[in-house]
Q: 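Provided herewith is a single structure, encoded as structure tokens, for subsequent inquiry.
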Amino acid sequence: MSGKAVHSIDPEWIKKELNEPQSQAVTATEGPVLVLAGAGSGKTRVLTYRIAYLLACGLASPAEILAMTFTNKAAAEMRERVTRLAPNMMTGLWIGTFHSLFARLLRREGECIGYDRNFSIYDEYDQNTLVKQIIEDLKLDTMDVPTSGALHRISDAKNNLVSPQDYLNNAQHPIEEFVAKVYKEYQIRLRNMNAMDFDDLLLNPIELFERFPLVREFYQDKFHYILVDEYQDTNRAQYVMLKYLAQKHKNICVVGDDDQSIYRWRGAEIRNILDFEKDYATCSKFRLEQNYRSTQNILSAAHSVITNNRQRHAKKLWTEGPVGEPVMVLEVYDDLEEARTIVDKISYEFRRVERNFHDFAILYRTNAQSRVLEEALRTEGIPYIIVGGVKFYERKEVKDVLGYLKVLVNPADAISLRRIINFPARGIGEASLAKLDGYARHKKIMLSEALSHVGSMADLPKRISERVLAFSAMMNKYRSLMSKFSPFEIASAIVEENGILRMLKEENTIESISRAENVRELLSAIADFANSVGPEATLEDFLEHVSLSTDIDKWDDKANAVTLMTLHSAKGLEFPVVYITGLEEGLFPLSRSLSDMMALEEERRLFYVGATRSKDMLYLSWARYRRRYGERLESVKSRFLKELDPEFVRIDNLARPYYGKHATTDEQSYQDTMPDYEDESQERLEFRPGVRVRHPMFGKGTVIQIDAAGSNVKLLVLFDTAGRKRLVLPYAKLEIL
DNA sequence: AGTGCATATCTTTTT
DNA sequence: GATATGCACT
């Protein structure tokens, strides 16, 4: 089908590839369209075919279509699949995330509202730094509100389109007055620093459209057809922007599933999808309820839980697929055993069944849970990938190097400047910085500009002013080199000139070595970026890519490894075998949601999202005891497990798998039989699971299993490139690495 | 100014 | 258990 020119795409053929409701949703091109698409019902298929259909029928040119998603991964997938259906029709097509498309809009048009096109995008860490500075500078009484709390309230306000002035006017409580003051100053400073936070990327387009009708009309004219993925996760600002964008042509197609709305805490309004029919009175509605992913048992089990939610469109997924195995509930003693049980099962299935490691996903509610699982996988020698957690671009050393690049691109970015002016240490401390800052403020110039005026500042010791000048000169030098050298060359030169790698190497600790690794990885990420985008890729492009990318985007679904990630990250993905861990009250559902009905329903939706990721097998585990905050706590089985319809479930009680003979419910006996994990040193076998080996033919690999049953010791080894091999030890010329 | 140690304070989830 | 902050010391 691919490879042919677009003219050969027959609209009738497109329809043949789809089931009835999918086909209707694709061909209902005119007017507002609501597609309620259950998990695994072919949502992406509808979106991509719809775009292809619009192009094939000549209803729109690529430049007239706008398709928005939430994650880069979803955008990339959509782009790829449309390319396959309609090759050579991609130029000018706007497919991307809300944040990246709006950033593009703002880089083009932001000058009207006072932004330079090189504005910085601040992440949570930068936001925190800024708020702290504000509180210090304004000498505010924080009323014990942590900066993160103030920030959260500010973000809430912004998501709901509440301006600083509105916020102040509505302030009832001294805490709110405090937040109002911070909020106001926060917005002022962001603008002075030519910087936006994530919320601004959605809000500033609204300001742009409201203040500049000509700009608004240009884009209203431009986009004849608008498609929105995951509509249930849109917030107020996104809702308003979509309304503006669709106002002229009114061809807006939104796809979503209210049961999969899991971002309320970030301002998502489930009401947007529940009320779409009211907002767009003439809309047509289509339901996609046939599931192509999971077994009947999985669907029924997931359904039995989600129906406990009150806020939802009634619907029920069905499948023509097999009934499948029952959903397995694993009851285990503690978190260590949970990890061990799961690893055992994976290892078993890997050996007995035709499965590879990438068929498995282990999901959890909080990132902190990954540690134990990781360790268990490591001791068993099973390759794994962790998605999320401490993100690469948020690591200190990486942010430090990025800080240089950000200041080069956007000299007004005082947050990044402060970060690097004394990194590596060049003797410009807090006190000197405060003086420089005061000077800049007084003269109403940028901090970076004040650096070169340092000679005229009487109260700065000469030694220090010399250092400041040297730093300033260095930055100016690189700024002038930016047009002549590639981003990679610039970044490498900066790392070299400032001795960043050298410094980390000299420190020579495990920690500093891995930091040096990360710096090198950053440099190669810059090179990779240039390779994939093309030689015209600028530093600005790279920085935007960094700001808007997440770890899930880099997740490689082809790698032969078990995937570990949070339930949130798993949305939109699928795996043959899924483990959902930590099903305990207070953990999943998380404690903060227990008293809040709306939050609890969101947790339940999260459970539903997790469960519907699985194609063949779903395991749900809970542990009687779990280490949290560093201490061992007794847990209570999650209500979600109780809500499961027992008809589709089998319970496996493994609470004491190794001590089953002395089954009692007495807590003391648990203590007695508690395995002593600390002391479990493996016998010093040369070959044991996890050991890396080299084979003359197959290359490098990892030992998975040892079978010493017969006279010859047999090994099961997973080679990095040659796959899985069974080897007889005396004959295989294996070398331990 | 910069370092190191003790203490506190937590932990959702992410574009 | 991990990170951030504060304080004392060099």
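Predicted model, so just to flag it, every value in this text is computed and none were measured. Both backbone and side-chain heavy atoms feed into the values below; hydrogens, waters and symmetry mates do not. Numbered from 1 within each chain, the chains take letters A, B, ... in sequence-line order.
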Q: If you draw the axis of the six-membered ring of A:Phe119, does the NZ or CZ of A:Arg107 fall within 45° of it and under 6.0 Å from the ring centre?
A: yes

Q: Whole-Å distance between B:dT13 C1' and A:Leu600 CG?
A: 15 Å

Q: What's the closest nucleotide to the side chain of A:Leu590 if the choices are C:dA4, C:dT5, B:dT12?
A: B:dT12

Q: Could you check whether A:Asp437 pairs with A:Arg418 (Lys NZ or Arg NE/NH1/NH2 to Asp/Glu carboxylate O, under 4.0 Å)?
A: yes

Q: Under 4.0 angstrom, heavy atoms only, what part of the nucleic acid is A:Ser155 near: base, sugar-phosphate, or nothing?
A: nothing

Q: Can you check the distance between B:dT12 and C:dT5, where both ends of the measurement are the C1' atom (answer in whole Å)?
A: 23 Å

Q: Do any of residues 256-272 of chain A sit with a heavy atom less than 4.0 Å from DNA chain B, and if so which?
A: A:Tyr263, A:Trp265, A:Arg266

Q: Pick base, sugar-phosphate or nothing for A:Glu602, based on heavy-atom distances below 4.0 Å to the nucleic acid.
A: nothing

Q: Just how far, in rounded Å, is P of B:dT12 from CD of A:Glu603?
A: 11 Å

Q: May I ask you to say whether A:Arg502 pairs ionically with A:Glu506, meaning some side-chain N is under 4.0 Å from a carboxylate O?
A: no

Q: Could you please name the option among B:dA1, B:dT14, C:dT5 that lies closest to any side-chain atom of A:Thr566?
A: B:dT14

Q: So what does A:Phe198 hit on the nucleic acid, given a heavy-atom distance under 4.0 Å: a base, only sugar-phosphate, or nothing?
A: base

Q: Give one of base, sugar-phosphate or nothing for A:Arg628, where a contact means two heavy atoms less than 4.0 Å apart.
A: nothing

Q: Inspect the contact between A:Asp334 and A:Arg624 and indicate whether a charged nitrogen and a carboxylate oxygen are less than 4.0 angstrom apart.
A: no

Q: Tell me the interatomic distance from A:Glu124, atom CD, to C:dT3, atom P, rounded to whole angstroms.
A: 16 Å

Q: Going by an N to O cut-off under 4.0 Å, is there a salt bridge joining A:Asp126 and A:Lys399?
A: yes

Q: Closest nucleotide of DNA chain B for A:Gln127 versus for A:Leu433: which of these residues is on the 5' side?
A: A:Leu433

Q: Using a strict cut-off of less than 4.0 Å between a Lys/Arg side-chain nitrogen and an Asp/Glu carboxylate oxygen, indicate whether A:Asp233 and A:Lys571 qualify as a salt bridge.
A: yes

Q: To the nearest Å, give me how far apart NE2 (A:His152) and C1' (B:dT12) are.
A: 11 Å

Q: Would you say the ring centroid of A:Trp94 lies under 6.0 angstrom from that of A:Phe223?
A: yes

Q: Measure CG/A:Asn235 against C1'/B:dT14 and give the value in whole Å, please.
A: 13 Å

Q: B:dT13, OP1 or OP2 - any side-chain N/O from A:Ser593 closer than 4.0 Å?
A: no

Q: Just how far, in rounded Å, is P of C:dA2 from CD of A:Glu375?
A: 10 Å

Q: What does A:Ser569 touch in the nucleic acid at a heavy-atom separation under 4.0 angstrom: a base, only the sugar-phosphate, or nothing?
A: sugar-phosphate

Q: Touch check for A:Lys571, heavy atoms < 4.0 angstrom, all strands: base, sugar-phosphate only, or nothing?
A: nothing

Q: Base, sugar-phosphate or nothing for A:Asn72? Non-hydrogen atoms, less than 4.0 Å.
A: nothing

Q: From CG of A:Leu201 over to P of B:dT14, roughly how many Å is that when rounded to an integer?
A: 18 Å

Q: Ring centres of A:Phe70 and A:Phe98 under 6.0 Å apart?
A: yes

Q: To the nearest Å, how far apart are A:Arg426 CZ and B:dG2 P?
A: 11 Å

Q: Using the side-chain heavy atoms of A:Asn422, tell me which of these nucleotides is nearest: B:dT12, B:dG2, B:dT14.
A: B:dG2

Q: I want to verify a distance call: between B:dG2, B:dT12, B:dT11, whose nearest atom is closest to the A:Ala368 side chain?
A: B:dT11

Q: Between B:dA1, B:dT14, C:dG1, which one does the side chain of A:Arg371 approach most closely?
A: C:dG1

